[in-house]
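Every heavy atom of this structure was used, including side-chain atoms; hydrogens, water molecules and symmetry mates were not.
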Amino acid sequence: MSADEFIVTPWHVEGDIDYDKLIEKFGTEKISPELREKIKNLTNEDHFMLRRGIFFSHREMNRILEDYEKGIEFFLYTGRGPSGHTHIGHLVPWMFAKWLQEKFDVNLYFQLTDDEKFYSKTDLTLEETSKYAYENALDFIALGFNPEKTKIIINTKNIQTLYPIAAQVAKKINFSNTKATFGFTNETNIGMIFYTSLQSAPCFIEDKPVLIPLGVDQDPHFRLTRDIAQKIGKQKPALIHNIMVPALTGPGGKMSASEEKGTIYTTDTPDIVKKKINKYAFSGGQPDIEQHRKLGGNPDIDVSYQYLRIFFEPDDAKLKKIYEDYKSGKLLSGELKAILIEKINEFLKTHQEKREKAKQQIEQFLLKNK
RNA sequence: GGGUUCGUAGCCUAGCCUGGUAGGGCGAUGGUCUCCAAAACCAUCGAUCGUCGGUUCAAAUCCGAUCGGGCCCA
């Protein structure tokens, strides 16, 4: 794969992603300074993920906000395909969703697509994906969502609620649509072919506009949903997209739940975190210390720096100092890694405590079928 | 239900026709080098060849059955 090639689909992300090109390719809109300003005015906060372009693209986010200003409330929807343990990349859209929920005081639905992972991963059983769904739910709850306004949907458990909506959707999507959108072939099992309608279903679970914060790789599902929304008498879902969190080992792909060493899990111990970062994190440093002092490092390709930017260092002034020190050669790669290790472990310490508590809270979060 | 095709280390795959206990690539691991990581170089681990049975001195290789995946037709 050459430098300017990249692949972004719901099931596969590869290459060095050019996000401007992706916006063009997917037909989404870049988050404009005006939109950012508007969000800032409504929330009284300029969230660092917006400021730094971690959330970089959207579809009709402006409409959601205009409606909101007119007193029309929206709700939030996001989710996760439970194919393994939760890693820190997953937390990006969840954290942002949590912030949106807080600021706008709205309902949120979190969908765990255990059926989809069973369909798409040949070696996973339904028991395993359901087990991961539970595990992932704990991480989600640990972020501190409002239990009064937050419901977790597990596809195989909540099918009774989802199915009537999914049926409405499914009738309007034909085989050619899914083939074109997802690249399905004759080998694709029919679970996959139907599946997108289940991912659409929560968009219409309330009779209100919906805003979906999500990784940009999931956009194709909602492209279909948006296409058919009016046909079933519903509003198009609005989306706001985050970039892919790079794997520890390098910029050529997203962090994957199945690749041990390129991934920091929410359950990793401080020692494991330290070891993984030191041993695997791709750096933008120079070949040796002398050259590094002289030429400086490249924070833009340095994964440790990127993690700080994306998630672990919300303080702009601190981040800027790290950026400049690294770029000037004052800060060594090993030192940068030490900063990140400290930050991650600090975060995980509290996260893991909250995750334990979540085991007692999970019941009140699970959506009950009516 | 019929036909067809595939099943070799974590992944991809050679070998099967012309039987003599398996070769490569990627990956992984360790080392050298680096402030780390990457790259590069060196080294190492790893498969009883889906399963069961038969033929044979000898089977991944031939035969039968069976399980699993794919495609086509009905």
Side-chain angles (χ1 to χ4, degrees), chain A residues 1-3 5-7 9 11-17 83-85 87-89 117-129 175 178-179 182-193 244-265 268 270-313 321-345:
Chain A
M1 186 175 291
S2 71
E5 276 180 295
F6 57 87
I7 301 168
T9 74
W11 298 283
H12 184 68
V13 176
E14 191 185 334
D16 201 356
I17 303 163
S83 58
H85 294 296
H87 59 66
I88 56 176
K117 288 302 165 198
F118 170 61
Y119 292 143
S120 64
K121 304 275 181 186
T122 44
D123 52 346
L124 279 180
T125 65
L126 204 48
E127 287 71 29
E128 286 168 325
T129 58
F175 189 30
T178 63
K179 275 203 280 194
F182 302 116
F184 290 163
T185 64
N186 282 345
E187 308 171 28
T188 308
N189 68 63
I190 63 170
M192 293 288 283
I193 295 164
M244 298 292 99
V245 176
L248 265 190
T249 47
K254 75 165 174 176
M255 196 182 259
S256 153
S258 47
E259 233 183 290
E260 272 294 330
K261 64 178 200 133
T263 308
I264 305 285
Y265 295 103
D268 282 347
D271 280 355
I272 291 176
V273 170
K274 187 175 178 190
K275 192 184 161 195
K276 281 183 179 173
I277 300 291
N278 280 330
K279 201 168 161 58
Y280 299 120
F282 182 82
S283 96
Q286 298 297 341
D288 62 54
I289 200 158
E290 274 173 41
Q291 289 191 63
H292 191 85
R293 294 290 188 209
K294 195 171 144 201
L295 302 169
N298 181 356
D300 296 319
I301 61 164
D302 188 285
V303 172
S304 302
Y305 175 79
Q306 290 308 317
Y307 281 19
L308 290 170
R309 182 177 81 94
I310 293 170
F311 198 86
F312 289 103
E313 184 48 89
K321 181 160 173 28
I322 292 168
Y323 184 92
E324 282 167 359
D325 286 351
Y326 194 58
K327 192 138 189 151
S328 74
K330 190 176 164 194
L331 188 68
L332 298 176
S333 301
E335 293 165 345
L336 173 58
K337 287 186 175 187
I339 295 173
L340 178 67
I341 290 164
E342 167 89 33
K343 283 279 177 188
I344 293 181
N345 282 335

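- Distance NZ (A:Lys330) to P (B:rC36): 21 Å, rounded to an integer number of Å.
- Between A:Lys275 and A:Ile272, the closest side-chain pair of non-hydrogen atoms is not below 4.5 Å.
- Between A:Tyr280 and B:rU29 there is a side-chain N or O to OP1 or OP2 distance below 4.0 Å.
- Rounded to whole Å, the distance from CD on A:Glu335 to P on B:rC36 is 12 Å.
- Between A:Thr188 and A:Ala281, the one whose closest nucleotide on RNA chain B sits nearer the 5' end is A:Ala281.
- If you take CD of A:Gln306 and C1' of B:rA37, they are 15 Å apart, rounded to a whole angstrom.
- The side chain of A:Lys275 contributes no N or O atom lying less than 4.0 Å from OP1 or OP2 of B:rC36.
- Across all strands shown, B:rU34 forms no Watson-Crick or G-U wobble pair with both distances under 3.5 Å.
- By the 30° and 60° cut-offs, the orientation of the rings of A:His85 relative to A:Tyr265 is perpendicular.
- Spacing of P atoms, B:rC16 relative to B:rC63, comes out at 14 Å, to the nearest Å.
- Both distances falling under 3.5 Å, in either a Watson-Crick or a G-U wobble arrangement, place B:rC62 opposite B:rG54.
- Residues A:Thr188 and A:Ile193 are in side-chain contact: their nearest non-hydrogen atoms beyond the backbone lie under 4.5 Å apart.
- For the pair A:Lys327/A:Asp300, a side-chain contact is recorded, criterion being any heavy-atom separation below 4.5 Å from C-beta on.
- Atom CD of residue A:Gln306 and atom CZ of residue A:Phe282 lie 11.5 Å apart, to the nearest 0.5 angstrom.
- Closest to the side chain of A:Lys279, out of B:rC36, B:rG30, B:rC35, is B:rG30.
- The distance from atom CD1 of A:Ile322 to atom P of B:rC36 is 20 Å, rounded to the nearest whole Å.
- Applying the Watson-Crick and G-U wobble criteria (two distances, each under 3.5 Å), B:rC49 pairs with nothing in any strand.
- Checking B:rU44 for Watson-Crick or G-U wobble geometry (two distances, each under 3.5 Å) identifies B:rA28 as its partner.
- Separating the CG atom of A:Asn189 from the P atom of B:rG70 is a distance of 8 Å, rounded to the nearest angstrom.
- For B:rA9, there is no paired base (Watson-Crick or G-U wobble, both distances below 3.5 Å).
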